[in-house]
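The structure appears below as structure tokens.
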Amino acid sequence: ERPVRGEIEFQDVWFAYGKQDDGDWDWVLKDLSFRAAPGERLAIVGHTGAGKTTIINLLMRFYQPQRGRILLDGQPIDRLRLDELRKHIGLVLQDVFLFSQDVAHNIRLGAQDIGEDRVREAAERIGAAPFIERLEDGYSQELGERGATLSVGERQLVSFARALAFDPQVLVLDEATSSVDSEIEAKIEEATKELMAGRTSMVIAHRLSTVLGADHIIVLHQGALCEEGTHEELLDHAGLYARLHELQFARTPAA
């Protein structure tokens, strides 16, 4: 099996979840083409409803595009076995899903090849170890229904540790905008950097630091690519990104 380099490419992708009343497709993505080079950090920005989450759904093959192709290392993803494709892509969503089993189970998800050491190492590298070790039963602590015993930020860190333990070549991150306190926010930011190191990452960006740290930014508007470039290039362009940046990213939190 060839090692995966982690190049992702969308070629002329059109996608609709369904049809309109007049029978035409209700396009969510329109003729979308972009490429994330191996090891590159790609940030995806745009208003709500611009099609950002749909990109993730198509890359994971939860849905198939009506037209166009999506490639991993030049290979159309619909030719890969589903488990093969998903093995190479680590998915970290805003709405973290945790099981009621213990912390270690939530990190390794029953994968036989992820031993105790790898679970602990992932938690340490992500910065989740301190709060896990404070739990009464540590890594053996049962988390209760949907991880109810943990705070929002702690759940996020467990999901990061999970992604790191699986060590995928591509990381897809829908950044949480959930209201977490500034201390855990700083930890999540550190964890994000640790997680992205040496991987191709596609991030639906809600944080200014992520946008600034991206190698390449694509800006979606009503399902179409309207601008792409670096942060500086896009600000100079004075288009939609510059307006979004002013509205969304440049807001400083109230003291």
Side-chain angles (χ1 to χ4, degrees), residues 41 43-45 48 52-57 59-60 62 86-168 170-197 199 201-211 213 248 253:
R41 295 180 181 193
I44 305 171
V45 302
T48 307
K52 302 186 295 290
T53 308
T54 301
I55 289 176
I56 295 181
N57 288 340
L59 180 62
M60 298 303 290
F62 298 140
R86 291 182 184 166
K87 188 176 82 182
H88 297 309
I89 302 175
L91 185 60
V92 182
L93 298 175
Q94 278 190 30
D95 189 15
V96 177
F97 193 87
L98 295 183
F99 297 91
S100 56
Q101 282 105 317
D102 63 23
V103 177
H105 173 86
N106 272 288
I107 293 176
R108 73 157 74 87
L109 291 185
Q112 301 304 311
D113 57 337
I114 297 180
E116 205 61 43
D117 292 352
R118 218 160 107 193
V119 166
R120 285 170 186 269
E121 189 206 351
E124 272 156 26
R125 279 177 55 194
I126 283 300
F131 84 79
I132 294 172
E133 283 155 12
R134 282 199 302 271
L135 298 170
E136 197 177 335
D137 296 324
Y139 289 85
S140 310
Q141 176 91 30
E142 303 270 321
L143 291 183
E145 204 56 43
R146 291 190 66 111
T149 49
L150 300 182
S151 74
V152 172
E154 288 167 347
R155 291 204 292 270
Q156 195 78 47
L157 288 175
V158 169
S159 79
F160 280 21
R162 176 192 294 171
L164 194 61
F166 278 85
D167 197 22
V170 178
L171 181 71
V172 177
L173 185 62
D174 189 357
E175 259 186 352
T177 46
S178 46
S179 45
V180 293
D181 61 50
S182 50
E183 186 188 338
I184 203 132
E185 172 102 41
K187 281 189 182 147
I188 287 174
E189 209 150 293
E190 278 308 301
T192 307
K193 283 194 192 114
E194 180 66 43
L195 203 48
M196 287 182 181
R199 304 171 210 279
S201 18
M202 287 173 53
V203 187
I204 293 182
H206 299 288
R207 289 196 181 88
L208 181 58
S209 56
T210 308
V211 184
Q248 185 178 347

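Note that this is a predicted model, so its numbers are computed, not measured.
The shortest non-hydrogen separation linking Ala191 to Leu157 is CB-CD2, 3.8 Å. Between Val45 and Ala205, the shortest heavy-atom contact is CG1-CB, 4.1 Å. The shortest non-hydrogen separation linking Asp174 to Thr53 is OD2-OG1, 4.3 Å.
To the nearest 0.5 Å, atoms CE (Met60) and CD1 (Ile55) are separated by 14.5 Å. Expressed to the nearest 0.5 Å, how far CD of Gln112 lies from CD1 of Ile114 amounts to 10.0 Å. Taking CG from Leu150 and CG from Leu143, the interatomic distance works out to 5.0 Å, rounded to the nearest 0.5 Å. Ile132 contributes atom CD1, which lies 10.5 Å from atom CD1 of Ile126 (distance to the nearest 0.5 angstrom).
Taking the side chain as every heavy atom from C-beta outward, Val96 and Val158 never approach each other to under 4.5 Å. In this structure, Glu133 and Glu124 have side chains that are in contact, with non-hydrogen atoms separated by less than 4.5 Å.
Legend: residues meeting salt bridge (Lys or Arg N to Asp or Glu O under 4.0 Å) with Glu142, ordered by chain and number and at least two apart, are absent. The salt bridge (Lys or Arg N to Asp or Glu O under 4.0 Å) test applied to Glu194 returns Arg125, not counting sequence neighbours. For Ser100, there are no side chain to side chain contact (heavy atoms under 4.5 Å, CB included) partners two or more places apart in sequence or in a different chain.
Legend: salt bridge (Lys or Arg N to Asp or Glu O under 4.0 Å) pairs involving residues 148-160, not counting sequence neighbours: none detected. Each salt bridge (Lys or Arg N to Asp or Glu O under 4.0 Å) pair with one or both residues in residues 102-113, not counting sequence neighbours, appears once here: Arg108-Glu116.
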N/O donor to acceptor pairs below 3.5 angstrom from side-chain atoms of residues 159-168, sequence neighbours left out:
unit_1	atom_1	unit_2	atom_2	d
Ser159	OG	Gln156	O	2.8
Arg162	NE	Asn106	O	2.8
Arg162	NH1	Phe97	O	3.3
Arg162	NH2	Phe97	O	3.0
Arg162	NH2	Asn106	O	3.3
Asp167	OD1	Arg199	NH1	2.9
Asp167	OD1	Arg199	NH2	3.4

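Using a 4.0 Å cut-off between a side-chain N of Lys or Arg and a carboxylate O of Asp or Glu, Lys193 and Glu190 qualify as a salt bridge.
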task: Determine, stepwise, if the pair Arg118 / Glu121 fulfils salt bridge (Lys or Arg N to Asp or Glu O under 4.0 Å).
output: CA-CA 5 Å; Arg118 218 160 107 193; Glu121 189 206 351; over 6 Å; no
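Looking at Ser201, its side chain never comes within 3.5 Å of a backbone N or O of Arg41 through a donor-acceptor pair. Proximity of a side-chain donor or acceptor of Glu175 to a complementary backbone N or O of Arg207 within less than 3.5 Å is detected.
With respect to Val92, the side chain to side chain contact (heavy atoms under 4.5 Å, CB included) criterion is satisfied by exactly one of Leu171, Val172, Thr192, Val203: Leu171.
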